[in-house]
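Worksheet for the structure shown next.
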Amino acid sequence: MDGINEFRKIIKNLGMVFVTLALIANFIPAVYVSVMTGTFPSASELFQLWLAAAAAFGVGYFVQPISFFPMVNMAGSFMVWICGNVGELRVPAAAMAQKVTNCEQGSPKAEIMATIGIAASIFVSVSMITFFAIVGSQIIPLMPQAIMKGFSFILPAVLGAVYADLCGKNLILGIIVMVSSIGGTIMFPKLGVPSGLVMLVNILVAICIARIYYLKTKAS
């Protein structure tokens, strides 16, 4: 355990540094444009933009760390919040790395393998994105419309595959969580829960169900 604790300590220190640098880098293009054009938004305009962004993505600020952290762990969290594509690429990569190495979920080995899987996916995805950024604008317009429509199903298909794989580890719990999530999606809006918070509430309910199920099965 000393080794994994030392690993986490180093990752925490490095992660804080690089995430801070990434946050600063995000503002460089906007500052550059403002300086070059001499156009500077007022504080009220910036606040309005912040409100618009918070309304669109604010729920994800709470939902994604809660839902993805158990899979990506600390090192993976620093990487995925910098590189993005958490649900589409990083979580499936972490899950597959853990599966092929037969890791027990929550173990130090699983944490290390998830980190390696996420790091590998970043190298691959950056290479692919660079390639398609260069040639994609020429290829995509030539694709049939049916294939273009199919792109919208990529994310649910990937997350569905990850769910099916994890569900195989505990089929009963997987079915219970799926039923509760479907029921919550239908009932919570009728109970007055804002549509933007339905996913967050579903996740919290699923966590409670999983904890109760674990305690019940452990006691028996």
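Within the structure, every pair that satisfies the side chain to side chain donor-acceptor pair (under 3.5 Å) test and touches residues 114-124, not counting sequence neighbours, is listed here: Arg90-Ser121. Within the structure, the salt bridge (charged side-chain N to carboxylate O under 4.0 Å, His left out) test picks out no pair touching residues 71-85 (sequence neighbours left out).
Atom CD1 of Ile118 and atom CZ of Phe78 lie 12.5 Å apart (nearest 0.5 Å). Residue Leu215 holds its CG atom at 4.5 Å from CZ of Arg211, rounded to the nearest 0.5 Å. With rounding to the nearest 0.5 Å, the separation of SG in Cys103 from CE in Met113 is 6.0 Å. With rounding to the nearest 0.5 angstrom, the OG atom of Ser107 is 7.5 Å from the CD atom of Gln98. Between the CE atom of Met16 and the CD1 atom of Ile11 there is a distance of 13.5 Å, given to the nearest 0.5 Å. Here the CD1 atom belonging to Ile82 is positioned 9.5 Å from the CG atom belonging to Asn26, to the nearest 0.5 angstrom.
Cluster note: Ile175 groups with Leu171, Val179 through ILVMFWY side-chain heavy atoms spaced under 4.5 Å, whether in direct contact or through intervening members.
Side-chain contact check for Ile112 versus Ile116: some heavy-atom pair is nearer than 4.5 Å. Considering only heavy atoms from C-beta on, Tyr213 comes within 4.5 Å of Ile172 through its side chain. Looking at Thr217 and Asn170, their side chains never come closer than 4.5 Å, going by heavy atoms from C-beta outward. Residues Ser34 and Thr39 fail the side-chain proximity criterion, which asks for heavy atoms closer than 4.5 Å. Within the 4.5 Å cutoff, the side chain of Val19 has no heavy atoms near those of the Trp81 side chain. Residues Asn202 and Ser180 have side chains not in contact (no heavy-atom distance under 4.5 Å, counting atoms from C-beta outward).
A single hydrophobic cluster is not seen to contain both Ile212 and Ile207; linkage of ILVMFWY side chains at heavy-atom distances under 4.5 Å, directly or through other members, places them apart. Hydrophobic clustering of Ile, Leu, Val, Met, Phe, Trp and Tyr side chains at less than 4.5 Å, counting indirect connections, keeps Phe18 apart from Ile28. Transitive grouping of hydrophobic side chains (ILVMFWY, heavy atoms separated by less than 4.5 Å) keeps Leu23 and Val31 in distinct clusters. Under the 4.5 Å side-chain heavy-atom criterion for ILVMFWY residues, a single connected hydrophobic cluster contains both Met178 and Ile186. Linking ILVMFWY side-chain heavy atoms closer than 4.5 Å, directly or via other members, places Leu89 and Met96 in two distinct hydrophobic clusters.
Of all heavy-atom pairs between Thr185 and Val198, the closest is CA-CG1, 3.9 Å. The shortest non-hydrogen separation linking Cys83 to Ile122 is SG-CD1, 3.6 Å.
With sequence neighbours excluded, the residues forming a side chain to side chain donor-acceptor pair (under 3.5 Å) with Lys99 are Asp165, listed by chain and number. Considering only residues two or more places apart in sequence or on other chains, Glu111 meets the side chain to side chain donor-acceptor pair (under 3.5 Å) condition with Arg8. In this view, Ser44 and Ser42 satisfy the side chain to side chain donor-acceptor pair (under 3.5 Å) rule, not counting sequence neighbours.
Environment of CZ in Phe27: sparse, with no more than 12 heavy atoms of neighbouring residues, nucleotides or ligands closer than 6.0 Å.
A donor-acceptor pair is defined here as one N or O able to donate and one able to accept, closer than 3.5 Å; no such pair exists between the side chain of Lys12 and the backbone of Ala75.
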